[in-house]
Structures are given as C-alpha cells and as structure tokens.
There are 2 protein chains.
Amino acid sequence: MSITTSEAPKPTESARRQKTRERLMDAAFEVFSEVGIHAATVEMIAERADFTRGAFYSNFDTKEELFLALAERGNNQRLALLRQSVEHMDQILPEILGAPGAKLQPENLGLLVTSFLDQQNENSYWFLFQSELRLLAMRDPAVGSIYLEQKAAAETEFANIISAALRAVGLSSELNPLELASVLTTTYESTLQEAIMQGGPQVQKIAHELVRTKLVALITQLAR
Amino acid sequence: MSITTSEAPKPTESARRQKTRERLMDAAFEVFSEVGIHAATVEMIAERADFTRGAFYSNFDTKEELFLALAERGNNQRLALLRQSVEHMDQILPEILGAPGAKLQPENLGLLVTSFLDQQNENSYWFLFQSELRLLAMRDPAVGSIYLEQKAAAETEFANIISAALRAVGLSSELNPLELASVLTTTYESTLQEAIMQGGPQVQKIAHELVRTKLVALITQLAR
DNA sequence: AACTTTCGATACACCGGTGTATCCAATACA
DNA sequence: TGTATTGGATACACCGGTGTATCGAAAGTT
C-alpha cells in the first residue's frame with residue numbers, strides 16, 4: 001500500500017474497465033428485456049456486447065448481480081428523465097393554455113398528456129425489463145424492497161409533477177396526489193402492456209394512441 | 001379402429017390417467033406460482049404430485065404445454081367464480097342498503113367491496129401464476145392472444161357485475177363499464193402486488209385492507 | 001524500450017435438466 | 001385365472017450453461 005500515489009492510479013486503470021462494464025450493462029439490458037432473466041445466458045450478453053464470457057466474469061460475479069445493478073441504473077435514469085420533463089412542461093404549458101391563468105379546455109388535455117409522454121421517449125424495452133424485475137420482486141423479499149423503494153421514488157416525483165400541472169391548468173382532484181399518481185401510472189402501464197401484446201412492429205404508435213385516450217378519459221373523471 | 005366398442009373403452013382407460021393429470025396440474029400450478037416457469041423443473045412438478053418424471057412425460061409433452069393447459073383451466077375457474085358472485089351480491093345487497101331503492105351511503109361502500117373480494121377468496125397464488133403468464137404473453141404473440149382473450153372475457157364479466165351493482169345502489173359512472181372495470185381491476189392487481197412484496201406471512205390481510213381502502217377511494221371518485 | 005500490471009480470450013471440467021428407451025406392475029378383459 | 005394393455009418407474013445418453021484456471025496482448029510505468 002503506497003500512500004504516495006494519491007490520485008492517478010485507480011482512475012486510469014478503471015477507464016477501460018468502466019467502458020466495458022457499460023457496454024456489458026447496455027447489452028444485458030437489451031437481452032434481459034428481450035428474453036427475460038432466466039432465458040438470458042451470460043454468453044448472449046457478452047456476445048451482444050462483442051465480448052466473450054471471459055470479459056463478463058472478469059467484471060461481474062453473477063447474472064443476478066448485473067441485473068440488480070441494471071435495475072438501479074435504470075431507475076436513476078428514469079428519475080432524471082422525470083425531473084427533466086418538469087422543465088419541458090413549463091415551456092409547453094403556456095402555449096397550450098393561451099392566456100395565462102386560463103383554464104384548460106378538455107380537448108387540449110390530450111395535447112398535454114401526449115407532450116408529457118413524448119418526453120419519456122418511450123422504449124418499451126424499459127417496461128419489459130421492469131416487468132421482469134417486478135416478478136422477481138414478488139418472490140424475493142430482498143428484490144421486493146428494492147422495487148418498492150424505486151416505485152415509491154418514481155411515484156412521488158410523478159405526483160409532484162401532476163399536482164403542479166393540474167394547478168397550473170386550473171384543475172384539482174379529490175384524490176391525494178400520490179393516489180392519483182398511482183392510478184395513472186398503473187393505467188399507463190397496463191395499457192402499454194396491452195399494446196405490446198397486440199403490437200407487431202408499431203407497438204410504439206399503438207401504445208401511444210391507446211395510452212393517450214385512456215389517460216385523458218381517466219383524468220377527465222378524476223380531476224375537474 | 002373398431003366401431004363396435006362404442007362407449008366403455010376410453011372412459012375407463014382414462015379414469016386413472018385423468019386423475020394423475022389432475023394431480024400433476026395441481027402440483028404444477030403451485031410450483032409455477034412459487035418459483036416461476038423457468039426455475040420450475042419437470043422433476044419438481046412430478047415430485048410434488050408424488051410421481052416421477054416418467055409419469056409427467058407420459059402425460060404431457062413439455063412443461064410449456066402444461067403451463068398453457070393450466071392457464072386455460074385457471075381462467076375457467078375464475079370466470080365461474082365471477083359469475084357465482086353475482087348471485088351472492090344479489091343476496092347481500094338488500095342487507096346493506098336497508099330500504100329497497102335506497103341510495104348507498106359512502107361508509108357502506110366498503111362493505112360492498114369487501115364482500116365481493118371475499119367471494120373471490122383470494123389466494124395470491126393465482127395472481128403470481130397470472131403474472132408469469134402475462135410476462136410470457138408480452139414476448140410470445142401466441143401466448144399474447146390467449147392472454148388478451150382471457151383478460152377480455154374476465155373484464156366483460158366484471159364490467160357487467162359492476163354496472164349491475166352500481167345501478168342497484170343508485171350510482172352511475174361517466175366512464176363506460178369496460179373502462180371502469182379495467183381501471184378497477186388494474187388498481188386491484190397493483191395493490192395486491194404491493195401487498196405481496198410487503199407481506200411476509202399475512203399477505204392476505206394486508207392485501208385485503210389495502211385493496212379495500214384504495215378501491216373505495218377510487219369508486220367514490222368515479223361513480224356518483 | 002524493457003517491465004509490469006491489468007483485462008479480456010481460450011479451454012476445460014462440471015453440473016443439472018431434458019427427453020427417450022426399456023422395464024415392471026397394476027388394471028382391464030375374456 | 002390367464003392374458004393383454006396401459007401407465008408409471010428406472011436408467012441412461014445428451015446437451016447447454018456455468019464458473020474457473022491459464023494464457024496472451026495491450027496499456028501503463030520508469
């Protein structure tokens with residue numbers, strides 16, 4: 001243990017490593033989404049990242065470890081995305097509303113929702129991965145608490161956004177924000193799920209359309 | 001192919017067979033629910049049914065075939081249960097309402113929902129199995145259409161029940177019955193899921209409580 | 001430019017699950 | 001009761017995935 005080399009040693013050593021870790025994680029994310037954790041083999045993952053299994057085992061101990069790492073990374077990305085779309089809403093809201101302080105017309109609600117969803121630049125990959133995680137979470141308590149934590153975080157974030165949006169638009173709901181958020185995301189997800197099952201190539205489009213109409217219908221009922 | 005033996009031959013031969021098939025299916029249902037399709041091995045299933053793998057392969061070709069058979073059986077059972085609870089509702093409604101034609105008091109809505117849920121005598125086994133099916137359905141189009149079909153059937157059934165119940169109780173919703181049913185079951189399932197993740201031993205209780213309060217809150221908003 | 005270290009590739013031993021071919025017992029039939 | 005048939009058990013060959021031990025090349029150090 002030399003105390004002299006105070007800064008440089010690790011960062012450089014890690015530079016390459018970190019890159020391959022990233023590549024492996026990206027590959028794993030795809031593979032997991034496509035075929036599920038169980039069907040996914042270490043080989044598939046390595047291969048898709050243009051590595052061999054050797055590289056994998058040099059970087060991760062087990063498939064499961066990688067999966068959990070992935071879950072965390074994904075959640076962070078998602079949270080970031082949510083926060084970011086707050087700003088976007090601030091930009092787009094005035095345009096939709098017209099005069100400041102005006103109340104939202106029902107026919108414009110669709111625009112609002114659509115714009116929000118677009119921000120989330122939907123890859124249904126994420127949803128498939130999430131479904132995998134969810135299933136795991138119901139069987140393994142350790143995974144379960146991770147999942148619940150993530151979900152809670154995402155929903156509080158989302159609840160804030162909604163409250164703000166509703167306020168800005170002159171609406172309010174009798175449900176408390178968290179419950180409202182919960183119902184909406186739940187509906188959102190189940191709709192996306194349906195789209196995935198129906199959709200061959202144009203999942204994206206189907207999903208988008210389905211989700212929009214459903215959510216608008218719901219919000220119309222729940223907020224006034 | 002003898003045309004003479006018109007009746008007896010098959011039924012007897014099948015008697016034993018059918019029984020072991022049943023036992024295998026019951027066992028499989030449990031195993032699938034507990035560890036998932038992929039982690040489940042033919043051996044586990046056979047063993048739990050007190051057979052060896054020999055018996056399994058004598059009755060089914062693959063694990064997947066069994067799984068699908070199970071999905072169908074389960075769905076039928078569930079539909080039957082739904083239909084049956086209509087009758088039960090007819091019995092219990094007058095008691096809750098008091099005077100015939102009276103409007104439901106909000107504080108009694110909980111009773112109604114609870115009673116309905118009790119009818120479904122929830123084993124969260126079914127939900128876990130269903131989750132497994134759902135995940136499969138998102139990846140395999142063949143399974144997908146089966147799932148969607150089943151889901152549609154269950155939801156129409158449920159929609160009818162709800163409409164009838166609301167009418168009987170002097171409420172109505174602006175959402176169409178199917179959408180209402182969809183939102184409610186979705187919320188129901190996501191809540192049950194949460195309970196499973198939180199719950200150690202008393203999943204049942206937690207689930208029940210959670211579901212009831214959540215659903216009541218929702219219905220209060222959606223139907224008036 | 002030699003050396004050293006780090007990281008990924010290659011090769012191999014191992015294990016668990018599958019599916020099949022064969023055998024034995026119970027039941028059906030005469 | 002003897003014979004035929006059916007259904008489940010046993011044994012085995014096979015395969016795919018895992019994880020480890022070894023090696024070689026490229027980057028980092030002096």
Side-chain angles (χ1 to χ4, degrees), chain A residues 1-28 30-32 34-70 132 136, chain B residues 1-28 30-32 34-70 132 136:
Chain A
M1 299 254 175
S2 63
I3 318 174
T4 57
T5 52
S6 54
E7 285 265 312
K10 288 289 168 181
T12 29
E13 133 208 2
S14 223
R16 176 156 76 128
R17 207 165 176 71
Q18 221 165 4
K19 262 218 152 193
T20 72
R21 272 181 76 98
E22 280 294 316
R23 272 170 63 192
L24 281 171
M25 288 177 83
D26 291 343
E30 290 181 21
V31 175
F32 283 147
E34 284 171 13
V35 304
I37 297 193
H38 306 276
T41 71
V42 173
E43 173 121 39
M44 287 187 203
I45 297 173
E47 194 180 9
R48 169 138 348 179
D50 273 313
F51 284 113
T52 62
R53 289 178 35 249
F56 178 93
Y57 282 111
S58 163
N59 281 282
F60 300 93
D61 281 352
T62 72
K63 212 169 50 171
E64 286 71 22
E65 182 199 318
L66 174 53
F67 185 84
L68 290 184
L70 225 42
E132 203 74 38
L136 234 62
Chain B
M1 300 251 177
S2 62
I3 318 173
T4 57
T5 52
S6 54
E7 286 266 311
K10 289 289 169 182
T12 30
E13 135 207 2
S14 221
R16 178 156 73 128
R17 208 167 175 69
Q18 222 166 3
K19 261 218 154 194
T20 71
R21 273 182 74 98
E22 280 294 316
R23 272 170 63 192
L24 280 171
M25 288 177 82
D26 292 343
E30 290 181 21
V31 175
F32 283 147
E34 284 170 12
V35 304
I37 298 192
H38 306 277
T41 72
V42 173
E43 173 120 38
M44 287 186 202
I45 297 173
E47 193 179 9
R48 170 141 346 181
D50 273 313
F51 285 113
T52 62
R53 288 177 38 247
F56 178 93
Y57 282 111
S58 164
N59 281 282
F60 301 94
D61 280 354
T62 73
K63 211 171 48 172
E64 286 72 20
E65 182 198 318
L66 173 54
F67 185 84
L68 290 184
L70 225 42
E132 203 73 38
L136 234 60

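Worth knowing before you read on, the calculation uses all heavy atoms, side chains too, and leaves out hydrogens, waters and symmetry mates. To find a chain, count down the sequence lines: A is the first, B the second, and so on, and within it residues start at 1.
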Report the distance from atom CG of Leu24(B) to atom P of dG7(D), rounded to the nearest whole Å. 13 Å

Drop me the distance from Glu34(A)'s CD to Arg48(A)'s CZ, to the nearest 0.5 angstrom. 4.0 Å

Contact list (N/O, under 3.5 angstrom) for nucleotides 16-20 of chain C vs protein:
unit_1: dT18(C); atom_1: OP2; unit_2: Val42(B); atom_2: N; d: 3.3
unit_1: dG19(C); atom_1: OP2; unit_2: Tyr57(B); atom_2: OH; d: 2.8
unit_1: dG19(C); atom_1: N7; unit_2: Arg53(B); atom_2: NH2; d: 2.3
unit_1: dG19(C); atom_1: O6; unit_2: Arg53(B); atom_2: NH1; d: 3.4
unit_1: dG19(C); atom_1: O6; unit_2: Arg53(B); atom_2: NH2; d: 3.0

Rounding to an integer number of Å, can you tell me how far Phe51(A) CZ sits from dG8(C) P? 6 Å

Here the gap from Phe56(A) atom CZ to Thr62(A) atom OG1, rounded to the nearest 0.5 Å, amounts to 6.5 Å

From CD of Glu47(B) across to P of dG8(D) the rounded distance in Å is 17 Å

With a 4.5 Å cut-off on side-chain heavy atoms, are Leu136(B) and His38(B) touching? yes

Parallel, tilted or perpendicular: ring planes of Phe32(B) versus Phe67(B), cut at 30 and 60 degrees: perpendicular

Between Leu24(A) and Ala46(A), what is the shortest heavy-atom contact and its length? CD2-CA, 4.1 Å

Could you tell me, to 10°, how much the axis swings from one end of the helix from dA1(C)-dT30(D) to dA30(C)-dT1(D) to the other, five pairs per end? 20°

For dC7(C), take OP1 and OP2 only and decide whether either is under 4.0 Å from a side-chain N or O of Asn59(A). no

So, does Ser58(A) get its side chain near the phosphate of dA9(C), meaning an N or O under 4.0 Å from OP1 or OP2? no

Ring pair (Phe, Tyr, Trp, His ring centres under 6.0 Å) partners of Phe51(A), counting only residues at least two apart: none

With a 4.0 Å limit, can you tell me whether Arg21(A) has a side-chain N or O closer than that to the phosphate oxygens OP1/OP2 of dC7(C)? no

How close or far is atom P of dG8(C) from atom CD1 of Ile45(A), stated in whole angstroms? 15 Å

Taking the side chain of Ala55(B) as heavy atoms from C-beta outward, which of dA9(D), dA9(C), dG7(D) is closest to it? dA9(D)

Polar side-chain atom of Arg21(A) near backbone of Asn59(A) as donor-acceptor pair, under 3.5 Å: yes

What's the separation between atom CD1 in Ile45(A) and atom CZ in Arg53(A), rounded to the nearest 0.5 Å? 11.5 Å

Report yes if some heavy atom in the side chain of Arg23(A) is under 4.5 Å from a heavy atom in the side chain of Asp50(A); otherwise report no. yes

